[in-house]
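Below, chain A is the first sequence line, B the second, and so on; all start at residue 1. Values below: all heavy atoms of this structure, side chains included; hydrogens, waters and symmetry mates excluded.
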Protein chains: 2
Amino acid sequence: MQTLTVDLGDRSYPIFIGSGLLSKPELLKPYIRGSEVAVVTNETVAPLYLEDLRRLLGGYRVTEVVLPDGEQYKNLTELNQIFDRLLADRHSRATTLIALGGGVVGDMCGFAAASYQRGVNFIQIPTTVLSQVDSSVGGKTGVNHPLGKNMIGAFHQPQAVIADMDVLTTLPDRELSAGLAEVIKYGLISDAPFFEWLELNAERLMSRDADALAESVLRSCENKAKVVAEDEREGGRRAILNLGHTFGHAIETHQGYGKWLHGEAVAAGMVMAVDLSVRLGWVESDVLQRTIALLEQCKLPVQPPKGMTPDDFLNLMSVDKKVIDGQLRLILLKSLGDAVVTAEAPKEVLCELLYSLCH
Amino acid sequence: MQTLTVDLGDRSYPIFIGSGLLSKPELLKPYIRGSEVAVVTNETVAPLYLEDLRRLLGGYRVTEVVLPDGEQYKNLTELNQIFDRLLADRHSRATTLIALGGGVVGDMCGFAAASYQRGVNFIQIPTTVLSQVDSSVGGKTGVNHPLGKNMIGAFHQPQAVIADMDVLTTLPDRELSAGLAEVIKYGLISDAPFFEWLELNAERLMSRDADALAESVLRSCENKAKVVAEDEREGGRRAILNLGHTFGHAIETHQGYGKWLHGEAVAAGMVMAVDLSVRLGWVESDVLQRTIALLEQCKLPVQPPKGMTPDDFLNLMSVDKKVIDGQLRLILLKSLGDAVVTAEAPKEVLCELLYSLCH
């Protein structure tokens, strides 16, 4: 097991990465301060891992909230189910929430923890590659709104994150690939050697080699933690973590939440962002080729969905959080492993990209 | 005009207190960073003061959200109306929300600001005595849940607060009194000289003398700011601000939100807390007599509602946020002007109090 500490002053916390972690109560217990615990999970994960977690929680008063599975349930209505249960079971502000599941469960449980009685503790046990690398670091929590993804939420740091590679054995293939999209993102935005490591190890990852997965989770989290430590509240540089996300969110919104997985939309979005960087003359075209090749090796989409028009993109991108005071800011590459936030991409070049890719 | 600065490091902000402030754009404009503004108000306040505010906001793109008036609308459903409008009008995270109204509007607008795109700026223009002294300081925002008051929310500090005495001229008598309950609270918990000042000036306050009102708002905010600066996230001492609130919340929940005004419930609750302090031998009985006399001068209730039983209190108080790990913590007086948070009140003495007062 490896331990990575996310350094955020008095809100610092550890990420435990390894195998067999769900049989180690000593990892969890130091981070539960009272006697009350509420586990938030979903209908898919509960039958697989809730019993393991129950065994770790002997001696605590435990409330279990099992949500329906899927991005389409990441909304205020389902969030309120968590509050209903917490209040029905009279959880005090000394309670600890535990998110057992993927990104949706983590985001919703985290936002419930941020806002229940104006803030209680929470622990993340992410059960997908995506949530292990993405939701583990950064404290972003929230729910979707019909008019935009993650539009309602809070920054709220967990007390600890337990990333157990064993839970990835039951992950559907499509979800494994979607998680690797975010892993590849870290190579693209801030770590060229890691990108090269991924090119060499893509097969091991796709065959779920536990050591390779642990290494990829660790290096992704390290990269993310470095960026987040510099900019906890996303004032500036942190936005580079959103490479591909502005395009990706537009794709997800257009398709309706739940059709494309988040990582799939981000994969296609990253290709668009790298392509735009090439068109601007900022990076060589071989970076685009290598990006596409690596994503394809991981069985990820590298084109926007059929039927989505340039206007669809332009409309949906203008409500994205990356719009500041009417100006669209994009994350683009200056070189492999070096992303920047920029408002400098001319709209004509963006339109050229969209007209060239949409079909 | 007087300016009080609430000292919270990089989240410090000014409270402007005086008359004619809604005709001074120079107070507001430095605290709006972009070109987008959303005003959240209610059906009662909008016809009275929204036009004044519109005049101050010439040149900005302004969205107006007019909520129904009343504590019963302080819920997630109405909160979502604010998000709907912000998203429909494509407000970015550079937007500024302005709360124009009483405590309910301030709490909802504040929580919307805390959670819209994970946090945007907001400015408070409180239009009741209660919200001028209570919601102006402390950063507490949130909504109610059917099972408990203020159970969903966030700590989120405003950029500025504008407390204009002129808006109090249209305040209903009952709301004026309810606000004075919180004012009296500051005398009781931390400022005996202010309590004596209130005994001498109760008539001026009840006749809406602007200077007396401004003085009472200033001294209340000063007292609150001192307590909040010591304990922004309500870990400890800040809880003394809840004198009477544990009993008061039980009364409000039992009656159904909106029947008793918050300040009315707090008035009766403060009498209960002071009475309990007397029964414990912590303060002299004349403090109870003076508290009752001052509250009665301000036309406030000094007894729990008819028909509410000791069991009603005990049940409803056990879901209050002041319960930590199953133990009920109460705010009681050690002397006039000196409150403490304690878990030491024996349940028998609490029951004795409840059986003696409930009828």
J.: Roughly how far apart are Tyr116(B) OH and Met151(A) CE, rounded to 0.5 Å?
T.: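 CE of Met151(A) is found 6.0 Å from OH of Tyr116(B).
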J.: Residues in side chain to side chain contact (heavy atoms under 4.5 Å, CB included) with Thr342(A), at least two apart?
T.: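 Testing Thr342(A) for side chain to side chain contact (heavy atoms under 4.5 Å, CB included), a comparison that skips the adjacent residues, returns Trp282(A), Leu332(A), Glu344(A).
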J.: Could you measure the distance from the CG atom of Leu76(B) to the OG atom of Ser115(A)? Nearest 0.5 Å is fine.
T.: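 The OG atom of Ser115(A) is 8.0 Å from CG of Leu76(B), to the nearest 0.5 Å.
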J.: What's the spacing between Leu147(A) CG and Phe83(B) CZ if we round to 0.5 Å?
T.: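 So the CG of Leu147(A) and the CZ of Phe83(B) are separated by 12.5 Å.
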J.: Among residues at least two apart in sequence or on other chains, which ones pass side-chain hydrogen bond (donor to acceptor under 3.5 Å, both in side chains) with Gln81(A)?
T.: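 Once residues adjacent in sequence are excluded, Gln81(A) has no partner under the side-chain hydrogen bond (donor to acceptor under 3.5 Å, both in side chains) criterion.
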J.: Of all heavy-atom pairs between Asn315(A) and Arg90(B), which one has the smallest distance, and what is that distance?
T.: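 Here Asn315(A) and Arg90(B) meet closest at O-NH1, 3.5 Å.
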J.: Nearest 0.5 Å please: distance from the CG atom of Asn80(B) over to the OG1 atom of Thr77(A).
T.: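 Going from CG on Asn80(B) over to OG1 on Thr77(A), the span is 7.5 Å.
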J.: Given heavy-atom pairs under 4.5 angstrom as the criterion, report whether the side chain, backbone, both or neither of Thr141(A) touches chain B.
T.: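 Thr141(A) touches chain B through backbone heavy atoms alone.
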J.: With rounding to the nearest 0.5 angstrom, report the CD1 to CD distance, Ile152(B) to Gln117(A).
T.: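 Reported value, rounded in 0.5 Å steps: 10.0 Å.
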J.: Counting only heavy atoms not in Tyr60(A), do more than 12 sit closer than 6.0 Å to its OH atom?
T.: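 More than 12 within 6.0 Å, yes.
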